[in-house]
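Side chains included, hydrogens not; waters and symmetry mates left out as well; all remaining heavy atoms used. Below, chain A is the first sequence line, B the second, and so on; all start at residue 1.
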There are 2 protein chains.
Amino acid sequence: MLAPEAVPCCPPLTSAELSEADAVTMAAMFKALGDPVRLRLFSKVASHEGGEACVCDIQDVGVSQPTVSHHLKKLREAGLLASERRGTWVYYRVEPSVLAGLAQLLDLNR
Amino acid sequence: MLAPEAVPCCPPLTSAELSEADAVTMAAMFKALGDPVRLRLFSKVASHEGGEACVCDIQDVGVSQPTVSHHLKKLREAGLLASERRGTWVYYRVEPSVLAGLAQLLDLNR
DNA sequence: CCGCTGGATCGATGGATGTCAACATAGACG
DNA sequence: CGTCTATGTTGACATCCATCGATCCAGCGG
């Protein structure tokens, strides 16, 4: 849903207030991370060896398989994860530029 | 709602997967930032001169006054903002340790 | 071609959420 | 005390959303 190139969009929150449009864009990403199940799925992908994980590796989060699929779709639509089918399995990996955008917004460079 | 001391809780997302409990805690913060109006309010406070802002300084975000108050309450409950009444006005400021916790979680190491 | 498995989609449902108007509360000031 | 302004609270309402069972689709192995 969101173009990955549009991500490094905003100065740190502490330096200037967000425009209405930027707020919509960035809020969509925070919203995607704002569910415990989705955050755990994202965490499992982000911390998985090789930077990517098969759905089968991460789907033990206490909800049904359709729900897992639903949440992964939300994370994809928010631009946080990318997916690729290789044979039988589908692999997810973190979209690196997006994390950088979030980090910049929260001003990690102290 | 959330104890401020509980905030610097988690290693970076890329280093280890979140526990279920930590996911609930951190997701609540992301969720609070996951609304465009709330994110703009938070941004206005964070970028305001002196590190704090009166509600009257930030309430022009396109929604009614009760809605602004409602969103500020959510941000308070998530532990992201603190408020203090001084005379006629109520001032909000960013809870610094919380931002640090979020930043650590998103740390891209480098 | 067939069945099996991994994963996505659909439809339904109960609960959460954003919004507002109306009202309540808290200081300031007379 | 009375009134004005700045915020918070309440109640109602429409919409969104997380979840599940059922179903569907895509590869793989026989």
Partner set under side-chain contact (heavy atoms from CB on, under 4.5 Å) for [X], not counting sequence neighbours:
| X | answer |
| --- | --- |
| B:Thr67 | B:Val63, B:Ser64, B:His71 |
| A:Ser15 | A:Pro11, A:Pro12 |
| A:Glu20 | B:Arg40 |

Sugar-phosphate, base or nothing in reach of A:Arg38, heavy atoms under 4.0 Å: sugar-phosphate
Between [N] ([atom2]) and [X] ([atom1]): distance, integer Å:
| X | N | atom1 | atom2 | value |
| --- | --- | --- | --- | --- |
| A:Tyr91 | C:dA8 | OH | C1' | 17 Å |
| B:Glu77 | C:dG18 | CD | P | 11 Å |
| B:Trp89 | C:dG27 | CH2 | P | 14 Å |
| B:Leu75 | C:dT17 | CG | C1' | 14 Å |
| A:Leu72 | C:dT9 | CG | C1' | 14 Å |
| A:Glu84 | C:dG7 | CD | P | 14 Å |

Span of DNA chain D, from the first to the last nucleotide whose atoms fall under 4.0 Å of chain B heavy atoms: D:dA6 to D:dT9
Sequence-distant partners of B:Lys44, side-chain hydrogen bond (donor to acceptor under 3.5 Å, both in side chains), two or more places apart: A:Glu17
Counterpart residues, side-chain hydrogen bond (donor to acceptor under 3.5 Å, both in side chains), relative to B:Gln59 (two or more places apart):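 In terms of side-chain hydrogen bond (donor to acceptor under 3.5 Å, both in side chains), with neighbours along the sequence ignored, B:Gln59 is linked to no residue.
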Salt bridge (Lys or Arg N to Asp or Glu O under 4.0 Å) pairs, two or more places apart, involving residues 29-39 of chain A: none
Sequence neighbours excluded, every pair satisfying salt bridge (Lys or Arg N to Asp or Glu O under 4.0 Å) that has a member inside residues 54-75 of chain B: none
5' priority, DNA chain D, between A:Lys74 and A:Gly87 [closest heavy atom]: A:Lys74
Apart from A:Tyr91 itself, residues in the same hydrophobic cluster as defined by side-chain heavy atoms under 4.5 Å: A:Trp89
4.5 Å side-chain heavy-atom contact, B:Ser69 and B:Gln65: yes
Side-chain donor/acceptor of B:Arg85 to backbone N/O of B:Gly87, under 3.5 Å: yes
Report all side-chain donor-acceptor pairs from residues 48-55 of chain B shorter than 3.5 Å, counting only partners two or more places apart or in another chain.
residue : atom : partner : partner atom : Å
B:His48 : ND1  : B:Glu52 : O            : 2.9
B:Glu52 : OE2  : B:Arg86 : NH2          : 2.6

Summary of protein contacts for nucleotides 19-25 of chain C, nucleotide by nucleotide, where a base hit scores B, a sugar-phosphate-only hit scores S (4.0 Å, heavy atoms): BBBB---
Stretch residues 48-61 of chain A: residues that reach within less than 4.0 Å of DNA chain C through a heavy atom: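 Per residue number, the list reads A:Cys54, A:Val55, A:Cys56.
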